[in-house]
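Below: one structure, written as structure tokens.
Computed from a predicted model, the values in this text were never measured in an experiment.
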Amino acid sequence: MESFKDKLKNYNKIKLDQVWVVVDEDYPLNEDQVVELTEYLTQALLKRLEGHFTLVEEADAQTLRLSLALTNIETPNPILAVTSTLLPVGLGISTLSKVVTGEHTNVGEGTVELLVRDGATGEPLVAAIDRRQGDKDLDNLVDPIAGIKGAIDWWIERLGRTFRESN
């Protein structure tokens, strides 16, 4: 059975089909934040793959077609984020939560969904879904989507490493 890395060796181009940011009404983001996250995800991906793949508009047999979606976005409650980041009791609770559950309290998080297809046939090569939480830092106090951007950075680094090692 051929591994994903072996399959990737046949490709040297990328066509970015679609990037979606899906917003749940329970965690509303304004239109500017949706656009910012869409652009951030797109630019991070393109920058990471630069030099390893050529970005193309038309797909052929040496092209990977990528579709990405950012879903299940949760932003921190601003008051609780301050409490759990700056106050010793809140930070202690958040740290305890990280030890027990693996997650801090009151940071941004989301799910990334990826579909990689052959450019010529459209045949799916791999699909992946991963949920990730941002880091506990002061950026979350100023920018409610900073944690989500941190999660995007982690995903893109991981995806870039996989693509880079195979190419």
What do you reckon, is CD of Gln18 surrounded by more than 12 foreign heavy atoms closer than 6.0 Å? yes

Rounded to the nearest 0.5 Å, how far does CZ of Arg158 lie from CZ of Arg48? 13.5 Å

side-chain contact (heavy atoms from CB on, under 4.5 Å), that's the test. Do Tyr40 and Asp153 meet it? Break it down for me. CA-CA 9 Å; Tyr40 190 87; Asp153 292 341; 2.7 Å; yes

Please report the closest heavy-atom contact between Asp118 and Ala61, naming both atoms and the distance. OD1-O, 4.2 Å

Any side-chain heavy atom of Asn30 sitting closer than 4.5 Å to one from Gln33? yes

Single-linkage hydrophobic cluster Leu114~Leu37, side-chain heavy atoms < 4.5 angstrom: yes

So, applying side chain to side chain contact (heavy atoms under 4.5 Å, CB included) with Leu49, which one of Leu66, Ile156, Leu64 is it? Leu66

Would you kindly confirm whether Val116 and Val56 end up in one hydrophobic cluster when ILVMFWY residues are joined by side chain heavy atoms under 4.5 Å apart? no

Closest approach of Leu16 and Leu55, non-hydrogen atoms and distance? N-CD1, 4.3 Å

d(Leu41 CG, Lys149 NZ) to nearest 0.5 Å is 12.0 Å

With the 4.5 Å side-chain cut-off for hydrophobic clustering, are Leu125 and Val112 part of the same group? yes

Rounded to the nearest 0.5 Å, how far does NZ of Lys15 lie from CZ of Phe53? 16.0 Å

Does Glu157 use its side chain to pair, donor to acceptor, with the backbone of Trp154 at less than 3.5 Å? no

Candidate pair Thr54 and Asn12, rule side-chain contact (heavy atoms from CB on, under 4.5 Å), full reasoning: CA-CA 6 Å; Thr54 303; Asn12 59 13; over 6 Å; no

Is it true that Leu159 and Val126 fall in one hydrophobic cluster, defined by side-chain heavy atoms closer than 4.5 Å? yes

Sub-4.5 Å side-chain heavy-atom contact between Trp20 and Thr71: no

Using a 3.5 Å distance criterion without hydrogens, assess whether the side chain of Thr42 forms a donor-acceptor pair with backbone atoms of Glu39. no

Could you give the distance from OG1 (Thr111) to CG (Leu70), rounded to the nearest 0.5 Å? 8.0 Å

How long is the straight-line distance from CG of Asp17 back to CZ of Arg65, given to the nearest 0.5 Å? 4.0 Å

Which heavy-atom pair separates Trp155 from Asp130 by the least distance, and what is that distance? NE1-OD2, 2.9 Å

Side-chain heavy atoms nearer than 4.5 Å, only ILVMFWY residues, links allowed to pass through others: does that put Val35 and Val22 together? no

